[in-house]
Amino acid sequence: MEKLIVASNNKAKIAEIKAILSDLYDVRSLKDEGVVSDPEETGATFAENALIKAKAAHDLTGAATLADDSGLVVDALGGAPGVHSARYSGAHGNDDANNKLLLKNLEGKENRKACFMCAIALIKSNGEIIEAEGRTDGEILFTEQGEGGFGYDPLFYSYDLQKSFGMANTTEKNAVSHRARALTALEKKVRA
């Protein structure tokens with residue numbers, strides 16, 4: 001089975017990708033491969049950033065690589081945190097600080113509609129690029145609910161699940177998440 005290197009070290013994200021693509025690829029993380037790749041995400045869109053990360057890992061390994069860029073888009077905040085979701089509070093990956101800032105910035109806002117967006121770029125070992133996107137809709141809760149997931153999951157009330165992603169188990173979340181939808185769309189393109 002062909003190896004696919006996911007340009008990430010986020011264990012939860014890699015597990016989600018493995019769950020969906022494991023029948024197509026031997027899914028490996030950067031850490032599994034002993035590769036360090038952390039390009040600057042200078043894109044203005046999720047798709048641009050996904051491609052930047054996939055290209056950087058592909059250039060280092062020559063193997064098939066996959067990268068995603070995803071984030072939370074909140075209507076009342078003009079689309080923020082958007083491509084800056086992981087570093088919304090200034091510190092990359094500080095979920096607690098990001099969630100606190102999100103709640104602060106939504107104080108007094110009636111419209112709490114939001115969506116998670118995900119763009120995925122796959123670069124095959126031959127250099128062919130396949131891209132896909134996914135989206136899931138919901139709204140931002142007033143307080144965190146649930147201990148599951150990561151990032152904004154405890155604050156994101158999923159319309160599909162009728163509960164927060166933080167309260168959903170992995171199977172439930174993978175059935176409706178933005179990343180799962182992008183991966184499913186990607187899988188169809190790869191099999192085509």
Side-chain angles (χ1 to χ4, degrees), residues 1-73 79 81-87 92-93 115-137 149-153 156 158 160 165 168-192:
M1 184 176 284
E2 184 180 5
K3 178 168 56 178
L4 176 68
I5 300 171
V6 178
S8 175
N9 286 311
N10 181 318
K11 290 178 182 177
K13 186 184 290 189
I14 291 163
E16 191 172 358
I17 292 167
K18 275 185 180 179
I20 294 170
L21 295 181
S22 62
D23 63 327
L24 289 172
Y25 294 101
D26 174 18
V27 178
R28 315 274 297 167
S29 70
L30 290 171
K31 187 175 182 178
D32 293 337
E33 295 299 302
V35 174
V36 176
S37 179
D38 190 21
E40 190 175 350
E41 297 176 37
T42 56
T45 65
F46 296 121
E48 289 173 3
N49 283 336
L51 193 54
I52 287 168
K53 292 185 275 190
K55 281 183 176 177
H58 182 73
D59 290 347
L60 288 169
T61 66
T65 57
L66 180 145
D68 86 308
D69 196 51
S70 54
L72 182 66
V73 176
V83 295
H84 305 291
S85 291
R87 54 193 178 280
H92 192 278
C115 68
F116 272 118
M117 296 290 299
C118 177
I120 292 183
L122 173 105
I123 303 178
K124 292 184 170 184
S125 51
N126 67 4
E128 179 188 353
I129 297 170
I130 301 174
E131 296 175 287
E133 292 188 346
R135 169 188 177 130
T136 190
D137 292 293
F150 58 96
Y152 299 98
D153 286 355
F156 184 78
S158 165
D160 290 308
F165 272 179
N169 65 40
T170 303
T171 302
E172 291 171 325
K173 182 182 171 190
N174 283 353
V176 301
S177 80
H178 53 303
R179 188 171 298 107
R181 288 176 173 164
L183 285 164
T184 299
L186 181 80
E187 179 187 23
K188 286 178 185 170
K189 290 182 178 185
V190 169
R191 289 185 188 276

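What you are looking at is a predicted structure, and each value in this text was computed from that prediction instead of being measured. Residue indices begin at 1 and follow the sequence shown.
- Going from atom CD of Glu187 over to atom CD1 of Ile20 covers 8.0 Å, rounded to the nearest 0.5 Å.
- Judged by distance alone, the side chain of Lys3 and the main-chain N or O of Ala64 form no donor-acceptor pair under 3.5 Å.
- Nearest heavy-atom pair across Ala67 and Ala50 is CB-O, 3.4 Å.
- Classified by interplanar angle (parallel below 30°, tilted 30° to 60°, perpendicular above 60°), the ring pair Phe165/Phe156 is tilted.
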**Request:** Evaluate the criterion side chain to side chain contact (heavy atoms under 4.5 Å, CB included) for residue pair Val27 and Leu66; output intermediate values, then yes/no.
**Result:** CA-CA 9 Å; Val27 178; Leu66 180 145; over 6 Å; no
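- Rounding to the nearest 0.5 Å places CZ of Arg191 at 4.5 Å from CG of Asp23.
- No side-chain heavy atom of Asp38 sits under 4.5 Å from any side-chain heavy atom of Leu30.
- Nearest heavy atoms, Ala180 versus Glu16: N-OE2, 3.7 Å.
- A donor-acceptor pair is defined here as one N or O able to donate and one able to accept, closer than 3.5 Å; such a pair exists between the side chain of His58 and the backbone of Ala63.
- The shortest heavy-atom contact between Ala121 and Ala54 is O-CB, 3.8 Å.
- Taking every heavy atom of both residues into account, Asp68 and Cys118 meet most closely at OD2-SG, 3.6 Å.
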**Request:** Applying side chain to side chain contact (heavy atoms under 4.5 Å, CB included), run through Ile130 and Lys124 and close with a yes or a no.
**Result:** CA-CA 8 Å; Ile130 301 174; Lys124 292 184 170 184; 3.6 Å; yes
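- Side chains of Asp137 and Cys115 form a contact here, defined as non-hydrogen atoms less than 4.5 Å apart.
- Defined by atom type and a distance below 3.5 Å, a donor-acceptor pair is missing between the side-chain atoms of Thr61 and Glu33.
- Here the NZ-OG distance, from Lys53 to Ser8, works out to 7.5 Å after rounding to the nearest 0.5 Å.
- For the pair Asp160 and Arg181, the salt-bridge criterion is met [side-chain N within less than 4.0 Å of a carboxylate O].
- In this structure, CD1 on Ile5 lies 7.5 Å from OG1 on Thr65, to the nearest 0.5 angstrom.
- Looking only at distances, a side-chain donor or acceptor of Tyr152 sits under 3.5 Å from a matching main-chain atom of Ser85.
- Panel note: side chain Asp69, backbone Ala119; no donor-acceptor pair is recorded below 3.5 Å.
- Counting heavy atoms from C-beta on, the side chains of Ile14 and Asp32 never come closer than 4.5 Å.
- In the displayed structure, Glu40 atom CD is contacted under 6.0 Å by at most 12 heavy atoms of other residues, nucleotides or ligands.
- Here the side chains of Met117 and Arg135 are in contact, with some heavy-atom distance below 4.5 Å.
- Nearest heavy-atom pair, Gly43 versus Val83, reported as atom, atom and distance to 0.1 Å: O-CG2, 4.4 Å.
- With hydrogens and angles left out, the side-chain atoms of Thr171 and Asn174 include no donor and acceptor closer than 3.5 Å.
- When every heavy atom of Ala132 is checked against every heavy atom of Ala185, the shortest pair comes out as CB-CB, 3.9 Å.
- Counting non-hydrogen atoms of neighbouring residues, nucleotides and ligands closer than 6.0 angstrom, the CG atom of Asp26 exceeds 12 such neighbours.
- In this structure, Asp153 contributes its side chain and Phe150 its backbone to a donor-acceptor pair below 3.5 Å.
- Counting heavy atoms from C-beta on, the side chains of Ile17 and Ile120 never come closer than 4.5 Å.
- At distances below 3.5 Å, at least one donor-acceptor pair connects side-chain atoms of Asn9 with backbone N or O atoms of Lys31.
- How far OG of Ser37 is from CG of Asp59: 8.5 Å, rounded to the nearest 0.5 Å.
- In this structure, Leu186 CG and Glu131 CD are separated by 9.5 Å, a value rounded to the nearest 0.5 Å.
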**Full working for side chain to side chain contact (heavy atoms under 4.5 Å, CB included) between Lys18 and Val6** = CA-CA 10 Å; Lys18 275 185 180 179; Val6 178; over 6 Å; no
**Request:** Show your reasoning for whether side chain to side chain contact (heavy atoms under 4.5 Å, CB included) applies to Ile52 and Glu41.
**Result:** CA-CA 7 Å; Ile52 287 168; Glu41 297 176 37; 5.5 Å; no
